[in-house]
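Bear in mind that the values here come from a model prediction, so they are computed numbers and not experimental data. Chain identifiers are assigned alphabetically (A, B, ...) following the order of the sequence lines, protein sequences preceding nucleic acid strands; residue numbering begins at 1 within each chain. Only heavy atoms go into these numbers, but all of them, side chains included; no hydrogens, no water, no symmetry mates.
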There are 4 protein chains.
Amino acid sequence: MATPERAAVDKRRTILDAAVRVFARQGFHTCRVSDIADEAGVAYGLVYHYFNAKEEILDTLFLERWDVMLAAIAEADASQRTARDKLYAIAEFIIDSYRHDPNLMKVIIVEVTRAANTFGRTHLAKIREAYQQISGIVARAQADGSFRKEITPEFAALAFYGCIEQVLSGWIFELEPAGPGQLERAKTLIVETICGGLEG
Amino acid sequence: MATPERAAVDKRRTILDAAVRVFARQGFHTCRVSDIADEAGVAYGLVYHYFNAKEEILDTLFLERWDVMLAAIAEADASQRTARDKLYAIAEFIIDSYRHDPNLMKVIIVEVTRAANTFGRTHLAKIREAYQQISGIVARAQADGSFRKEITPEFAALAFYGCIEQVLSGWIFELEPAGPGQLERAKTLIVETICGGLEG
Amino acid sequence: MATPERAAVDKRRTILDAAVRVFARQGFHTCRVSDIADEAGVAYGLVYHYFNAKEEILDTLFLERWDVMLAAIAEADASQRTARDKLYAIAEFIIDSYRHDPNLMKVIIVEVTRAANTFGRTHLAKIREAYQQISGIVARAQADGSFRKEITPEFAALAFYGCIEQVLSGWIFELEPAGPGQLERAKTLIVETICGGLEG
Amino acid sequence: MATPERAAVDKRRTILDAAVRVFARQGFHTCRVSDIADEAGVAYGLVYHYFNAKEEILDTLFLERWDVMLAAIAEADASQRTARDKLYAIAEFIIDSYRHDPNLMKVIIVEVTRAANTFGRTHLAKIREAYQQISGIVARAQADGSFRKEITPEFAALAFYGCIEQVLSGWIFELEPAGPGQLERAKTLIVETICGGLEG
DNA sequence: CATGAATGAGACTTCATTCAT
DNA sequence: TATGAATGAAGTCTCATTCAT
């Protein structure tokens, strides 16, 4: 019988999906485990059947998504595109992720990558992997002459990723409008700014 | 006698300074009010003599510093420098602030400007003021032809400030070394990247 | 299985009953929630599982009992007795309530009906219902000529209820002995005094 | 120089008067010492110059007034009036006290005489003195035949005083209108009810 | 006499987690 | 797998009281 197992897996998924909405709405620290259970429509004891602790839910959400992103960056890097196009592919992937599930991206950014004290500290190594992959792209672009050498690859990676995250933050904070047009346009603007510079 | 008044003011300052260290070390949510009192060497209740709530301490720290920064940005903008030099002055001010009191900058960034849910939400208007001032610098540079018009001023401000904050985060997270040389060099790199671009 | 539901209901009841003893012994303001939990033999948090706040426990106790009393007054009023006998039935009900659970009556009188500032204010409407029902009895007795018209029904209700409450207070304060004989005799004395007067 | 002493006495009086207003408005348990000081327009340290504790303020207010009342009752009792007129004089004194300073009477009733747990317990002996004096009046009236003997003097005193207090409570709770006419009329109604009875 | 800064014990309440059913 | 009653540690905030000036 595959049904019970399926059901079990689905309940776990239901809880994770509910957690995304609750974390996005109330924040990790401010919400209660029972809020997640309520949102998922299950008893809150069940949350502890699938996860050992409240933190494990957030960890799971982060790692699930971050690994997909690392794979996307690796794939972009492995392609035969120019460095500029690789960076575009990365920006595109992240922004499309936001379009597809803004709550999830909000949670990952607000509660993990921008939370240096708590979860950011835990997942530092994972986060660093992304920077390093981007650094590699820049370094190779410097080696083949398409990027200039004055700016270190590590710094470039920081600047590129920081720019993306700030743009997403603008949408999350509702500082900037986040319609489909703005999302699409942002992909170009990010690459244009970081690669071409404001002085053009 | 001015002494009593001075003493009172100083105790309040002592508590604020202690809070900076405690917030930086343990995080706002993780620390207890008694940790702040202990760090300041005062009785528990005195914290509540000067502040109505734990949150008010963080609010105070943020507003104190952010207003200084807004003034610095305004001053840079009012000067006769080129847009690039104005942006350099802003990066310089922020990085020098970090050098002078890394804990305070850590607290402001981690607990306020990067905390979309809690305090960031509260101080959105103040944070936005900084972006708008920077936008203005870019817009005027576009008008006089020194910056190209493809990138909107709002986006440029986001990218510039995001780049700075990400660099500071790298130091705060200890992803990147933060010696005096690195701090000094970062000022140039930030402006070089945002204004000149990776492709130079 | 009805057992779990029963158990749950019983725990709530256990807490309410313990609260009566604690409130009676220490007073609402002076006791701690942990005193109630200790008296009930349950964990601290369970009190908050069943009640949102300490006040809600007292509210519950008051409303539970007051509604029973209002029903008893209504029943007395609906009967075919004389006004004097109706008043006797009311005095009887209240004094029997005291005999059955002196702690509960003490709590209701001391902490609610005689506490104009805090809980009395909250439950004013409920308290007033009792006066109004008694007023009605008097008014009808005046209409049929069994009571004289010089004393307004509202005033009569106040006097009658005040007399009962003062007698109970005497027992609660231990100003007067409260043996079974005294309780029984008080029923007659109250009605005798209010209906017949001291001058007889 | 008598002035400083006068000033000192006045400050103490100012604090007591302010306490009456604050206790009446917020209740003894709910108000803070600083509320009293604010109302009096003095620093709250000064309250502790004149009184050893918050409770002492209430004790003082109660004893000051209760002693005046005991004297009034004694005076009524000592006169050559009928028992009915003596009771009228007592009711008159208490109601006139309420008219003159409703806040003070509210505080004494709500916080002391009707608070069996806290202050009532402390001042039981003083409160009992009033009942006993009234009992004496009734007992002598029974001896001279003007009151019937079925109702014990102790019970009669309780009923009489309870009736008065309930009427005042009605005004305090704002259950009944408390205009000058109502106050005046209540004096008669109280005596009429207790002495003559509802059945007249 | 007068001030109000300073103290610190203690209260209520929250909520992550466990566990019996 | 599923429930939600039960636990209790921990945290924020209050406020009566003290005391240096």
Pairing annotation in dot-bracket form, given for DNA chain E with Watson-Crick or G-U pairs under 3.5 Å and | for cross-strand partners: .||||||||||||||||||||
Which is more 5' along DNA chain E, the nucleotide nearest B/V42 or the one nearest C/N52? Just name the residue. B/V42
Run the salt bridge (charged side-chain N to carboxylate O under 4.0 Å, His left out) test against B/R121 and tell me which residues pass, sequence neighbours left out. none
Under 3.5 Å, side chain of C/K106 to main-chain N/O of C/A24, donor-acceptor pair present? yes
Contacts of D/R128 that satisfy salt bridge (charged side-chain N to carboxylate O under 4.0 Å, His left out) - sequence neighbours left out: none
With respect to the phosphate group of F/dA5, does any side-chain polar atom (N or O) of C/K11 fall under 4.0 Å of OP1 or OP2? no
By ring-ring contact (aromatic ring centres under 6.0 Å, His included) - contacts of A/F51 (at least two apart): none
Round to a whole Å and report the spacing from CZ of D/F23 to P of F/dA16. 10 Å
Residues passing the ring-ring contact (aromatic ring centres under 6.0 Å, His included) test with B/H29, sequence neighbours excluded, are A/H29
Each nucleotide N or O in nucleotides 9-11 of chain E that has a protein N or O under 3.5 Å away: list the pair and distance.
residue: E/dA11; atom: OP2; partner: C/R32; partner atom: NH1; Å: 3.1

So, using ring-ring contact (aromatic ring centres under 6.0 Å, His included) as the criterion, who are the partners of B/F28 when residues are at least two apart? B/F23, B/F119
Integer-rounded Å distance: E/dC12 P and C/I36 CD1: 8 Å
Rounded to the nearest Å, what distance is computed from the CD1 atom of residue A/I57 to the P atom of nucleotide E/dT17? 9 Å
When you match B/L46 and D/G41 each to their closest nucleotide on DNA chain E, which lands nearer the 5' end? D/G41
Using atom CD of B/E55 as one end and atom P of F/dC13 as the other, report the distance to the nearest whole Å. 8 Å
Round to a whole Å and report the spacing from OH of B/Y50 to C1' of F/dC15. 17 Å
Sequence neighbours left out, what passes salt bridge (charged side-chain N to carboxylate O under 4.0 Å, His left out) with B/D67? Give chain and number order. B/K126
Whole Å only: how far is the CZ atom of B/R13 from the C1' atom of E/dA5? 18 Å
Nearest nucleotide by nearest heavy atom, which residue falls closer to the 5' end of DNA chain F, B/F28 or C/A43? C/A43
Winner on side-chain proximity to C/H49, out of E/dT18, F/dC13, F/dG4, is F/dG4
Hits for salt bridge (charged side-chain N to carboxylate O under 4.0 Å, His left out) against C/D38, two or more places apart or cross-chain, chain-then-number order -> none
Any donor-acceptor N or O pair under 3.5 Å, side chains B/R114, A/S169: no
Using a cut-off of strictly less than 4.0 Å, decide whether B/Y48 has a side-chain nitrogen or oxygen near OP1 or OP2 of E/dT7. no
